[in-house]
Amino acid sequence: MPRSVQVLGTGQLVDLSRRLRAAGGPRLQQNLARRVRRAAEPLQRDLQQSIRTVQLPGSGRTGRGGPTPTTRPLRATLAGGIRISVRQGASPGARVWMDRSRLPADLRNMPWTIENGRVRHPVFGNRRRWATQWARPTGWWSRTVQAGVPRMRAEIERVLGDVRRTLE
């Protein structure tokens, strides 16, 4: 699974970035960065919604479920780690990525574990007894990215056209 989604380095973005620097318009650069970030926000929201709706049904003791015994909900914690970066300069663009530093140490690999569909963990911390849970649907990251990147690219193309017209 790719760890981030990037739209960068396209010839139009590089050319536009150079022209913005030459025009000496920090206001124009900030405006471009803000609009590129806004183009990436729907993908970020879709990814957060996708991880919040992944089901991880238990394998045993049906009917005995209930609220989580921990104070940190798994899906909300993972959704909080999805971030956007906008870069300007030599390789301008936008990146939507999972920031592992925002996750607790024991959950740093969990987004990719859920992406693959199989979550294996000790039962209530007992390392001699393990449980396997299957994520449904699998591919929460890759499917959402595949559906959202064309929309993000189209919006960035529109923003580039607007800024190009402003410079001319």
Side-chain angles (χ1 to χ4, degrees), residues 1-10 13 30-89 91-159:
M1 175 185 96
R3 293 180 185 246
S4 66
V5 181
Q6 299 181 37
V7 177
L8 47 86
T10 63
L13 277 174
Q30 289 172 351
N31 186 23
L32 176 65
R34 185 182 71 246
R35 291 182 68 190
V36 168
R37 174 177 291 280
R38 283 192 182 149
E41 284 174 354
L43 180 60
Q44 180 192 28
R45 280 193 302 271
D46 291 349
L47 284 166
Q48 288 173 335
Q49 183 61 32
S50 179
I51 189 62
R52 284 186 178 114
T53 58
V54 168
Q55 296 177 9
L56 285 170
S59 58
R61 294 177 32 173
T62 58
R64 290 195 173 193
T68 177
T70 66
T71 58
R72 126 193 126 189
L74 173 68
R75 292 171 197 85
T77 303
L78 296 178
I82 299 172
R83 298 186 60 196
I84 299 174
S85 305
V86 176
R87 295 191 308 192
Q88 298 178 3
S91 61
R95 177 179 175 210
V96 179
W97 56 293
M98 176 61 76
D99 186 0
R100 291 176 53 167
S101 68
R102 283 187 157 192
L103 301 177
D106 59 335
L107 295 180
R108 296 243 162 102
N109 289 327
M110 188 59 71
W112 298 279
T113 303
I114 293 175
E115 166 77 9
N116 294 332
R118 181 175 176 235
V119 179
R120 196 160 153 70
H121 60 90
V123 177
F124 293 108
N126 179 356
R127 312 250 341 136
R128 286 184 271 152
R129 183 164 170 100
W130 288 73
T132 301
Q133 291 179 274
W134 298 94
R136 292 186 215 142
T138 60
W140 70 273
W141 180 275
S142 55
R143 288 181 191 204
T144 308
V145 165
Q146 188 176 12
V149 165
R151 180 180 59 197
M152 184 173 144
R153 285 182 196 254
E155 179 64 21
I156 289 176
E157 290 289 331
R158 191 177 67 75
V159 168

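By convention here, the first residue in the shown sequence is residue 1. Quick note: numbers below take in every heavy atom, side chains included, and nothing from hydrogens, waters or symmetry partners.
Using a distance-only test at 3.5 Å, with no hydrogens or angles considered, a donor-acceptor pair links the side chain of Trp140 to the main chain of Pro111. A donor-acceptor pair is defined here as one N or O able to donate and one able to accept, closer than 3.5 Å; such a pair exists between the side chain of Arg143 and the backbone of Thr138.
Checking each of Gln48, Arg102, Met110, Arg52 against Leu78 for a side chain to side chain contact (heavy atoms under 4.5 Å, CB included) leaves exactly one that passes, namely Met110.
In the displayed structure, Arg38 atom CZ is contacted under 6.0 Å by at most 12 heavy atoms of other residues, nucleotides or ligands. Under a cut-off of 6.0 angstrom, the local environment of CD in Glu41 is crowded, with over 12 non-hydrogen atoms contributed by other residues, nucleotides or ligands. Heavy-atom contacts from other residues, nucleotides or ligands closer than 6.0 Å to CZ of Arg127 number 12 or fewer.
The pair Asp99-Arg108 does not meet the salt-bridge criterion, since no charged nitrogen lies less than 4.0 angstrom from a carboxylate oxygen. A salt bridge links Glu155 with Arg158: the distance from a Lys NZ or Arg NE/NH1/NH2 to an Asp or Glu carboxylate oxygen falls below 4.0 Å.
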**OP:** In sequence, state the C-alpha distance, the side-chain angles, and the governing distance for Leu47 and Ile51, and then conclude on side chain to side chain contact (heavy atoms under 4.5 Å, CB included).
**Re:** CA-CA 6 Å; Leu47 284 166; Ile51 189 62; over 6 Å; no

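In this structure, Thr144 OG1 and Glu115 CD are separated by 8.5 Å, a value rounded to the nearest 0.5 Å.
Side-chain contact between Arg136 and Val54 is absent, with no heavy-atom pair separated by less than 4.5 Å.
For the side chain to side chain contact (heavy atoms under 4.5 Å, CB included) test, residues two or more places apart in sequence or in another chain that qualify with Ala33 are Val86, Gln88. Under the side chain to side chain contact (heavy atoms under 4.5 Å, CB included) criterion, Ser85 pairs with Arg95, Trp97, sequence neighbours left out.
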